[in-house]
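The figures that follow rest on heavy atoms only: side chains count, while hydrogens, waters and symmetry mates do not. Here is the naming used below: chain letters follow the sequence lines, and residue numbers restart at 1 for every chain.
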Number of protein chains: 2
Amino acid sequence: MAATLRDVAKLAGVSFKTVSNVINDYPHVRPATREKVERAIAELGYKPNLNARSLRSGRTDTVALAVPELNLSYFAELAGMVIAAAEESGLTVVVEQTGGDRDRELALLRSPRLSMTDGLILSPLGMGQEDADALEVPFPLVLLGERTFDWPCDHVTMRNVEAARAATEYLLASGRRRIAVIGEYEGEVMGSARLRLRGYREALAAHDVPYDASLVVRATLWHRADGARAMHELLDRDVPFDAVFGFNDTMALGAMRVLQEAGRRVPEDVAVIGFDDLDEAAYSIPSLTTVDPGREWLARTALETLLARIAETGPKQPPRTELADFTIVERESAPKN
Amino acid sequence: MAATLRDVAKLAGVSFKTVSNVINDYPHVRPATREKVERAIAELGYKPNLNARSLRSGRTDTVALAVPELNLSYFAELAGMVIAAAEESGLTVVVEQTGGDRDRELALLRSPRLSMTDGLILSPLGMGQEDADALEVPFPLVLLGERTFDWPCDHVTMRNVEAARAATEYLLASGRRRIAVIGEYEGEVMGSARLRLRGYREALAAHDVPYDASLVVRATLWHRADGARAMHELLDRDVPFDAVFGFNDTMALGAMRVLQEAGRRVPEDVAVIGFDDLDEAAYSIPSLTTVDPGREWLARTALETLLARIAETGPKQPPRTELADFTIVERESAPKN
DNA sequence: GCAGAATTCTACAACGATGCAAACCGGTGC
DNA sequence: GCACCGGTTTGCATCGTTGTAGAATTCTGC
């Protein structure tokens with residue numbers, strides 16, 4: 001089996017605690033001793049058993065990240081960024097998929113699996129206000145992305161309302177007046193869909209454009225297929241529209257595809273704007289104008305916030321809420337004018 | 001702090017070992033005792049400390065999955081599938097990103113972090129034959145995707161040569177003769193790029209179409225931007241071509257975008273075929289004909305193979321090689337004729 | 001050359017769980 | 001009435017590490 005501290009100690013001719021001291025950079029170790037120990041470590045290829053270390057020290061240097069599914073590019077890219085940021089701090093990341101399902105989110109929050117981690121970054125989707133007290137957990141927890149309830153808990157998110165409002169105003173400024181929306185999700189109380197819809201309505205109101213419910217199409221999951229389905233539904237409704245605001249890029253791309261199949265030119269007949277600024281938005285045909293919600297910043301900040309909470313020793317600090325800045329990325333599907 | 005076995009034991013009025021027996025479904029526990037213990041567990045909200053359990057039992061019920069980056073949809077979707085499959089077996093998955101970088105792949109194989117897992121599923125990219133003995137590791141290891149060297153090690157992959165050959169023949173059958181290829185990677189000896197190129201050449205040879213190196217464009221990373229860059233390069237070369245075979249969908253989509261920007265019609269002027277069958281391939285404009293390499297099967301099989309190796313007790317079984325079946329998914333970018 | 005203060009090293013007890021083997025307990029069989 | 005037998009419960013050692021406290025060694029100043 002793998003070498004342990006004691007094996008190294010025996011080889012180096014010191015007590016096993018000294019080996020531990022060397023590994024942990026304990027200051028008072030004579031250079032000669034240190035070198036002897038290091039040679040023994042190298043010779044045996046000793047690697048510390050992190051489980052034992054965790055058990056003893058109480059720290060695992062592992063964090064859990066729970067997202068709906070990696071199949072959604074937004075979450076895949078976000079997860080990639082969180083993992084990269086964690087790697088920089090020497091942390092390991094356990095990735096969990098909840099499917100955006102309430103029960104699985106709740107189960108995760110209670111799961112013993114989390115005892116192997118120092119904390120959790122959760123992107124909740126399915127949970128609602130009635131589940132808020134499930135967030136009363138005995139470990140550091142950071143919500144990443146819109147929370148669907150009111151609860152004092154660290155929270156890193158984007159300016160959904162403002163960004164959606166800006167996106168809508170961008171379309172309005174380019175002369176569009178009949179702006180359809182894809183991604184509304186009626187069951188949801190405080191999630192992204194609701195907030196983005198609010199931003200949309202604020203923009204309309206600010207420009208005296210009447211809100212028309214027949215331009216709003218719901219989609220609970222935000223996959224490409226949902227965007228496509230929503231666009232079919234919109235076309236079937238046979239209401240005129242000259243722009244589409246997809247609540248995420250994936251749906252916007254799905255919708256854009258259907259739009260063009262149906263013979264509508266983008267952007268001449270219909271402008272399309274998305275939300276997320278996925279990698280692929282720059283390469284679609286036409287390329288997709290979208291909102292960059294500041295994902296890189298979100299990922300890093302979520303991790304930093306979690307680490308700060310983990311490092312916390314004294315009395316509990318009040319919950320933090322961090323908001324990313326957004327920008328609108330202009331591309332072909334919705335030119336400025 | 002969290003409740004331990006002893007706390008539960010005290011509350012239930014039994015020895016802590018009995019509590020352990022209840023938790024582990026040890027058969028000889030009187031129903032009355034079991035119930036008493038279970039009540040105490042529920043009352044205290046006891047959750048086993050998995051670190052302690054792992055230390056003692058040697059099993060972590062966690063596996064590591066290392067892919068180049070989640071930013072590449074292929075790997076994101078693959079990772080999602082592996083995690084989902086692991087979840088079904090009650091396993092946790094640690095995700096590592098290597099960036100396809102040789103040094104990081106090697107570092108990972110030697111990392112103490114793996115002591116927190118029961119085994120590793122690795123998608124190697126950067127390592128080469130000279131690193132083969134780095135695969136001599138003291139834990140179960142399964143290579144997922146093409147291996148870049150010859151080494152007796154469990155290996156789950158796709159039929160790269162045959163699939164590439166089939167893709168090329170598909171294009172030939174539709175009358176194309178000048179088929180460009182994007183994704184060749186000269187440094188690589190045995191990886192996917194080489195194998196797919198071989199399949200391409202076999203198909204050409206079988207149909208007496210001469211191989212023309214000026215139609216082959218290299219790309220070391222297989223991002224959308226690489227596909228776009230490669231297509232620019234190809235257009236700059238000013239050689240005639242009537243089809244493009246992208247070694248993955250992401251590049252094919254990037255290339256298709258550039259192609260259309262340049263005024264070439266897809267598929268009328270140039271047919272495009274990809275490889276991977278990503279979600280988005282069905283929604284691009286035009287939708288992308290591609291090779292489905294059997295990812296779902298790959299993900300599940302990789303995990304199963306790893307689990308079998310972990311469960312292994314007796315003498316080491318010989319390494320397994322598992323090959324997924326592929327299919328060609330016909331879409332608009334390359335119609336059958 | 002020696003006391004006293006640093007410095008360096010070691011011993012022992014945890015962390016919270018599981019495996020083993022022994023102890024217990026009530027009932028049988030003789 | 002006693003040995004014996006399952007089924008049931010328990011005690012102890014142990015996994016590999018770190019924290020604390022104290023022992024051993026070296027260094028300093030006189």
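Exactly one of B/D61, B/T92, B/T62 qualifies for a side chain to side chain donor-acceptor pair (under 3.5 Å) with A/R113. That residue is B/T92. A side chain to side chain contact (heavy atoms under 4.5 Å, CB included) with B/E96 is found for exactly one of B/L108, B/L114, B/V67, B/L65, namely B/L108.
In this structure, A/S54 contributes its side chain and B/N51 its backbone to no donor-acceptor pair below 3.5 Å. Under the 3.5 Å distance criterion, the side-chain polar atoms of B/S111 are left unmatched by any main-chain donor or acceptor of B/A107. The backbone N or O of B/R104 sits less than 3.5 Å from a side-chain atom of B/D101, completing a donor-acceptor pair. Under the 3.5 Å distance criterion, the side-chain polar atoms of B/E105 are matched with a main-chain donor or acceptor of B/G126.
Counted by atom type alone, A/D154 and A/T305 present zero donor-acceptor pairs between their side chains at under 3.5 Å. At a cut-off of 3.5 Å, with distance as the only test, no side-chain donor of A/T301 or A/E322 sits close to an acceptor on the other residue. B/S115 and A/N49 share no side-chain donor-acceptor pair at under 3.5 Å.
At a threshold of 4.0 Å, the pair B/E304-B/R320 does not count as salt-bridged, since none of the basic side-chain nitrogens sits closer than that to a carboxylate oxygen. Between A/R309 and A/E312 there is a salt bridge, since at least one side-chain N of the basic residue sits less than 4.0 Å from a carboxylate O of the acidic one.
If you check C/dT18, D/dT17, D/dT10 against the side chain of A/R6, the one that comes closest is D/dT17. Closest approach to the B/N21 side chain among D/dT10, C/dG16, C/dC9 is made by D/dT10 (side chain taken as heavy atoms from C-beta onward).
Phosphate proximity of C/dT10 to A/S15: present, with a side-chain N or O under 4.0 Å from OP1 or OP2. Between B/S20 and C/dA17 there is no side-chain N or O to OP1 or OP2 distance below 4.0 Å. Under 4.0 angstrom from either OP1 or OP2 of C/dC9 there lies no side-chain N or O belonging to A/T18.
Annotation: proximity of residues 28-37 of chain B to DNA chain D (heavy atom, distance under 4.0 Å) is found for B/H28, B/V29, B/R30, B/T33, numbered in ascending order. Within residues 51-64 of chain B, the residues that place at least one heavy atom under 4.0 Å from DNA chain D are, in residue-number order, B/L55, B/R56.
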What's touching nucleotides 21-27 of chain C from the protein side, N or O pairs under 3.5 Å?
none

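Each end of the helix from C/dG1-D/dC30 to C/dC30-D/dG1 gets its own axis from five base pairs, and the two axes differ in direction by 50°, given to 10 degrees.
By the side-chain contact (heavy atoms from CB on, under 4.5 Å) test, B/K47 is found to be paired with A/P112, residues two or more places apart in sequence or in another chain being considered.
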Donor-acceptor contacts, no H, no angles, side chain residues 30-42 of chain B, under 3.5 Å, sequence neighbours left out:
{"from": "B/E35", "atom 1": "OE2", "to": "B/R39", "atom 2": "NH1", "distance (Å)": "3.1"}

